[in-house]
Each structure stands twice: as structure tokens, then as C-alpha cells.
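Report on one structure; see the data block that follows.
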Amino acid sequence: MKIELYHTGPLAVNTYLAYDEAGQGFLVDPGGHDNRITQRIKELGVTPSYILLTHAHGDHIGGVPGFKQDFPEIRVCACKKETELLGNGELNSSIEFFGREITIEPDLYVEDGDTLTIGSMTLRFIETPGHTKGGMCIYSEADGVLFSGDTLFQTSVGRTDFYGGSFPELIASIKEKLFLLPDDTKVLPGHMGATTIGVEKRYNPFV
């Protein structure tokens, strides 16, 4: 898996473009529509099959409509428990961030433990409630990579003061699910820099 990082949207969220050697790819958390990504996809000859959403906050979904226009065949995937946030511009803060309501109707809903194969890449979805009710992380065992959204950051964790947030749930998600992954798993969060599971187990002051 090859991974490129872009900062998009009003809060400069970490948006990831990932693809395999055959040019099959996906986007993770497009916080805003960014033509650099569209041009890069075309330059590489990548076929972007999916937009994967770790959760439904406006700063992570704002670019979905634009990329769906650029790539009409692209499909949107989210956790089934994010349905409420995806459909409400006040709850998902898109009105606050963009001045307009952004709602998303995913093409594919997934649940804890579900897998998705894109080209040669197999992804497993790990439900990690706490930041939102249906927050999830996306794990590639073969590549040793975890897209952690706003669940786990570099020596920090996601906020829990939004609608549906719960600090005890968040910490349980991290300790009981993410910390079971190998220590050398590379963690690619929704904000801040990359880290590893081993580093967070040792140094993260919240857990």
C-alpha cells in the first residue's frame, strides 16, 4: 500500500490517498474538496473505488460531494452507527464549519470486524466509539497501518465533548481494541502526526 497525506478542509484534517501497485485506491476522510488530490489521482492513473469515513464530523466529510462529482463511480463507506450524524448538519457540525449543511448517504455501511478488499489491499474495520457513537478505525494487517481518525492521536486522544462522545468509551476502545494490535503498527490519525501503537502504549498520558 502506498499512502499520501493531504491537509484538507477548514480544520486541515489529515486526508489520505492510498493505492496499490495496480492502481486501485481509496480516500480516507476528505475534509474538503482539494483539486490537488483529484489531479494526483489522474496523474497516477489510480482508480479510486471508495471514500472511507472514520466518522461523520463535518471536518472529515466536507470533501465527499466534490470528490463524488470528480469520480462518479466512487462509493462512500461508513460505520452503520454514524447514520444519525451523517444525516444532520447541526449534529455533524458541517453548518458550523462550512456555513451550509452537508449530509452523506453512504453506499456501504460496515460494522465491527467487517472487511473490505480494494485491489490487493484488505481492510478491517474496528468500531471505536467515544469520539462519536459510530467512530471507527481502518486497519490493514498486511501493511501494518491503522487509520485512526479522531480516536487516537500522537500522545493524545480525540475530544469527547461533542454529541455522542464518551471519554470512558473512548479509552476502552483504545485499550481493548487498538492496543491489541502489534506495537509496530503505524498509526495515521485524523489530525497531528503519525505514531505507532507501541509508542502510544508507552507514552500516551490519557491511557
Side-chain angles (χ1 to χ4, degrees), residues 1-19 26-34 36-37 40 51-64 67 78-79 82 85 92-94 96-98 102 123-140 143-207:
M1 183 189 296
K2 299 179 181 179
I3 303 170
E4 298 183 6
L5 167 64
Y6 298 85
H7 298 112
T8 69
L11 297 186
V13 72
N14 290 343
T15 295
Y16 300 97
L17 167 63
Y19 53 94
F26 59 91
L27 290 172
V28 178
D29 289 350
H33 180 255
D34 192 323
R36 293 176 303 161
I37 299 176
R40 180 62 171 160
I51 295 173
L52 307 179
L53 302 176
T54 62
H55 64 291
H57 282 154
D59 60 323
H60 288 250
I61 68 173
V64 172
F67 286 116
C79 179
E82 285 295 83
L85 280 186
N92 68 31
S93 299
S94 59
E96 176 185 350
F97 294 145
F98 292 93
I102 298 175
L123 308 172
R124 176 162 62 90
F125 301 102
I126 305 172
E127 288 187 19
T128 51
H131 182 63
T132 64
K133 293 179 181 179
M136 68 178 184
C137 297
I138 304 160
Y139 178 52
S140 170
D143 297 283
V145 170
L146 179 79
F147 299 96
S148 64
D150 285 5
T151 296
L152 180 63
F153 297 139
Q154 185 182 64
T155 62
S156 189
V157 298
R159 289 173 58 177
T160 57
D161 56 337
F162 295 114
Y163 176 79
S166 166
F167 186 75
E169 282 192 343
L170 185 74
I171 298 306
S173 293
I174 295 170
K175 286 185 173 181
E176 297 171 11
K177 292 186 175 182
L178 301 188
F179 280 2
L180 299 183
L181 301 176
D183 282 359
D184 62 354
T185 301
K186 187 173 184 179
V187 178
L188 301 178
H191 303 273
M192 304 170 63
T195 184
T196 67
I197 291 295
V199 166
E200 297 312 307
K201 286 167 70 174
R202 184 171 182 180
Y203 296 112
N204 194 308
F206 293 91
V207 291

Which atom pair, heavy atoms only, marks the closest approach of S148 to L152?
-> OG-O, 2.8 Å
Supply the atom-to-atom distance D150 CG to S156 OG, rounded to the nearest 0.5 angstrom.
-> 10.0 Å
Mind checking whether L53 and I61 have side chains closer than 4.5 Å, heavy atoms only?
-> yes
Is the closest side-chain heavy-atom distance between N92 and I102 below 4.5 Å?
-> no
Would you indicate whether the side-chain heavy atoms of I138 and T54 approach each other to under 4.5 Å?
-> yes
Is there side-chain contact between L123 and F26, with heavy atoms separated by less than 4.5 Å?
-> yes
Side-chain donor or acceptor of D143 paired with backbone N/O of M1 under 3.5 Å | yes
Minimum heavy-atom separation for F98 to G62, with atom names?
-> CZ-CA, 3.6 Å
Scanning both residues in full, the closest heavy-atom pair of F97 with P10 reads CB-CG, 3.9 Å
Spacing of NE2 belonging to H131 relative to OG belonging to S166, to within rounding of 0.5 Å | 13.0 Å
Hey, are the side chains of T196 and D184 touching, using non-hydrogen atoms and a 4.5 Å cut-off?
-> no
Would you give the length of the straight line joining atom NZ of K201 to atom CG of L180, rounded to the nearest 0.5 angstrom?
-> 8.0 Å
How are the rings of H60 and H55 set to each other: parallel, tilted or perpendicular (split at 30° and 60°)?
-> tilted
Does NZ in K177 sit with more than 12 non-hydrogen atoms of other residues, nucleotides or ligands closer than 6.0 Å?
-> yes
Could you pull out every donor-acceptor pair under 3.5 Å between side chains of residues 2-9 and any protein atom, sequence neighbours left out?
| residue | atom | partner | partner atom | Å |
| --- | --- | --- | --- | --- |
| E4 | OE1 | Y6 | OH | 2.7 |
| E4 | OE1 | R40 | NE | 3.1 |
| E4 | OE2 | Y19 | OH | 3.1 |
| E4 | OE2 | R40 | NE | 3.0 |
| E4 | OE2 | R40 | NH2 | 2.8 |
| H7 | NE2 | N14 | OD1 | 3.3 |
| T8 | OG1 | T15 | OG1 | 2.7 |
| T8 | OG1 | G31 | N | 2.9 |
| T8 | OG1 | G32 | N | 3.2 |

What distance separates F147 CZ from S140 OG, expressed to the nearest 0.5 Å?
-> 7.5 Å
Please report the closest heavy-atom contact between G135 and T132, naming both atoms and the distance.
-> N-OG1, 3.0 Å
How far apart are the closest heavy atoms of F153 and G190, and which atoms are they?
-> CE2-N, 4.1 Å
Does I174 reach the side chain of T128, with side-chain heavy atoms less than 4.5 Å apart?
-> no
Search all heavy atoms of G158 against all heavy atoms of L170 and return the closest pair with its distance.
-> O-CD2, 3.2 Å
Apply side chain to side chain contact (heavy atoms under 4.5 Å, CB included) to V13 and H191, showing your working.
-> CA-CA 6 Å; V13 72; H191 303 273; 3.9 Å; yes
Could you check if a side-chain atom of P30 sits within less than 4.5 angstrom of a side-chain atom of I37, using non-hydrogen atoms only?
-> no
Student check: side-chain heavy atoms of Y16 and D29 closer than 4.5 Å | no
Residues forming a side chain to side chain donor-acceptor pair (under 3.5 Å) with Q154, sequence neighbours excluded | none
Kindly compute the distance separating CG (D183) from CD1 (I197), expressed to the nearest 0.5 Å.
-> 8.0 Å
Measuring from L85:CG to K133:NZ, what's the distance to the nearest 0.5 Å?
-> 8.0 Å
Residues at least two apart in sequence or cross-chain that pass side chain to side chain donor-acceptor pair (under 3.5 Å) with E200, listed by chain then number, are T195, N204
